[in-house]
There are 2 protein chains.
Amino acid sequence: MNTVIQYLLKEQRLRNTRFRQAILQTLDHQASPISAPDLLRKLQISGYSINKTTVYREMDILLAKGLVEEVRFNEDVRRYELKSAHHHHLICQTCQKIEEIAFAHDLSDKEAEILATKKFKVLKHSLEFFGLCESCQKKCK
Amino acid sequence: MNTVIQYLLKEQRLRNTRFRQAILQTLDHQASPISAPDLLRKLQISGYSINKTTVYREMDILLAKGLVEEVRFNEDVRRYELKSAHHHHLICQTCQKIEEIAFAHDLSDKEAEILATKKFKVLKHSLEFFGLCESCQKKCK
DNA sequence: TTGACAAATGCAACTAAGTTGCATAATAAT
DNA sequence: ATTATTATGCAACTTAGTTGCATTTGTCAA
Ligand SMILES: [Mn+2]
Ligand SMILES: [Mn+2]
Ligand SMILES: [Zn+2]
Ligand SMILES: [Zn+2]
């Protein structure tokens, strides 16, 4: 995370502010993608008197710099996670628990096929799985 | 489409109203999933003085009855399409054109693997491809 | 055909996510 | 310290979607 801060300061022309630090740290400690409203609440609970506009703007900046990725889980909110190795998610429709899944089987073959047959150049894809986590399966029996 | 109306009337206890007819017909003529606001606008342009609440409620009903499917393309709106064979979409990030893709390679093997290794029971998935359609590729050269 | 009942609709008021303009404050380099 | 630039707060705004309640409409059975 410190290397990220260093990168931001030196390479990009982003300043080292307490809010930016707090946001990056929160994202780093996050087990699953978090929404801007949730991030705002979390920061406020932690004692930061930060404005929602700042949070939204910071997500825009981090997205533009490629440090953060936006994901959607069929909700009315955007979620964000620190960019890492490409992966997908398992979203429990009962308890909302989110699990990451490193998708070994990659889709680049498929994307090549799409270019060949449909002449469509795939730049990115989203693949998310919705269902029941282990504990919710047991409860629903 | 008429069979759908019949089904609604007989099997379900839904009434045959002009708005329901217009909505189903519009969805049927639609080449790609449409949002509620767009659907509302389209109906109003066609001369229907229909309220947005009616559109939203109708989508809820059709979803509940399983006649319609909700899809999301990393936008802030929900889109709807008449339920049909399982498929995915190619979304052009430049001109917003949406193309359907019948995904031969199905993910049920993967979903079985997820159940085995992660104990997560997949009920559904979403897979969408974002990139450049043929004509937008040419323009961007 | 009529009347009753349930479903459908309109309207207004509301929530929630996200955006924008503008004024002020904080940062980093000189 | 001065200065240029970035960051922030605030208020006002837009848009998607929801809700309660009163009214209208469709269906079906008498
Ligand atoms: Mn993730
Ligand atoms: Mn489709
Ligand atoms: Zn669960
Ligand atoms: Zn295009």
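When reading the values below, keep in mind they use all heavy atoms of this one structure, side chains included, and skip hydrogens, waters and symmetry mates. Letters go in sequence order (proteins before strands), and every chain restarts at 1.
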Margin query: A/H89 and ring pair (Phe, Tyr, Trp, His ring centres under 6.0 Å): which single residue from A/F73, A/F130, A/F129 fits?
Written below: A/F73
Checklist line | 5' priority, DNA chain D, between B/R18 and B/S35 [closest heavy atom] | finding: B/S35
Item checked: Most 5' of B/T17 and B/P37 on DNA chain D, judged by nearest nucleotide -> B/P37
Whole-Å distance between [N] [atom2] and [X] [atom1]?
X: A/Y48; N: D/dA7; atom1: OH; atom2: P; value: 17 Å
X: A/E75; N: C/dA17; atom1: CD; atom2: P; value: 11 Å
X: B/I61; N: D/dT18; atom1: CD1; atom2: C1'; value: 14 Å
X: A/E70; N: C/dA17; atom1: CD; atom2: P; value: 15 Å
X: B/R41; N: D/dG17; atom1: CZ; atom2: C1'; value: 14 Å
X: A/L43; N: D/dG9; atom1: CG; atom2: P; value: 11 Å
X: A/K52; N: C/dT20; atom1: NZ; atom2: C1'; value: 12 Å
X: A/I50; N: D/dG9; atom1: CD1; atom2: C1'; value: 11 Å

Note to self: I'd like to know if B/R57 reaches the base of C/dG10 with its side chain such that a donor and an acceptor end up less than 3.5 angstrom apart.
What the structure shows: yes
Check: Of the nucleotides C/dA7, C/dA26, D/dG9, which has the atom closest to the A/R15 side chain?
Finding: C/dA26
Check: D/dG9, D/dT8, C/dA17: which one has an atom nearest the side-chain heavy atoms of A/E58?
Finding: D/dT8
Closer than 4.0 Å, any side-chain N/O of [X] to the OP1 or OP2 of [N]?
X: A/T54; N: D/dG9; result: yes
X: B/R78; N: D/dA16; result: no
X: A/Y56; N: C/dG18; result: yes

Next item on the list: Show your working on salt bridge (charged side-chain N to carboxylate O under 4.0 Å, His left out) between A/D38 and A/R41 and close with a plain yes or no.
Entry: CA-CA 5 Å; A/D38 282 350; A/R41 271 185 286 275; 2.8 Å; yes
Checklist line | B/E128 side chain to A/S126 backbone, donor-acceptor under 3.5 Å | finding: no
Next item on the list: Using heavy atoms to find the nearest nucleotide of DNA chain C for B/F19 and A/T53 separately, return the residue whose nucleotide is more 5′.
Entry: B/F19
Next item on the list: Describe the nucleic acid contact of B/R20 in one word from base, sugar-phosphate, nothing, applying a heavy-atom distance below 4.0 Å.
Entry: sugar-phosphate
Next item on the list: Look at the aromatic rings of B/Y48 and B/F19 and report parallel, tilted or perpendicular, splitting at 30° and 60°.
Entry: perpendicular
Next item on the list: In sequence, state the C-alpha distance, the side-chain angles, and the governing distance for B/L82 and B/L24, and then conclude on side-chain contact (heavy atoms from CB on, under 4.5 Å).
Entry: CA-CA 8 Å; B/L82 283 187; B/L24 284 170; 4.2 Å; yes
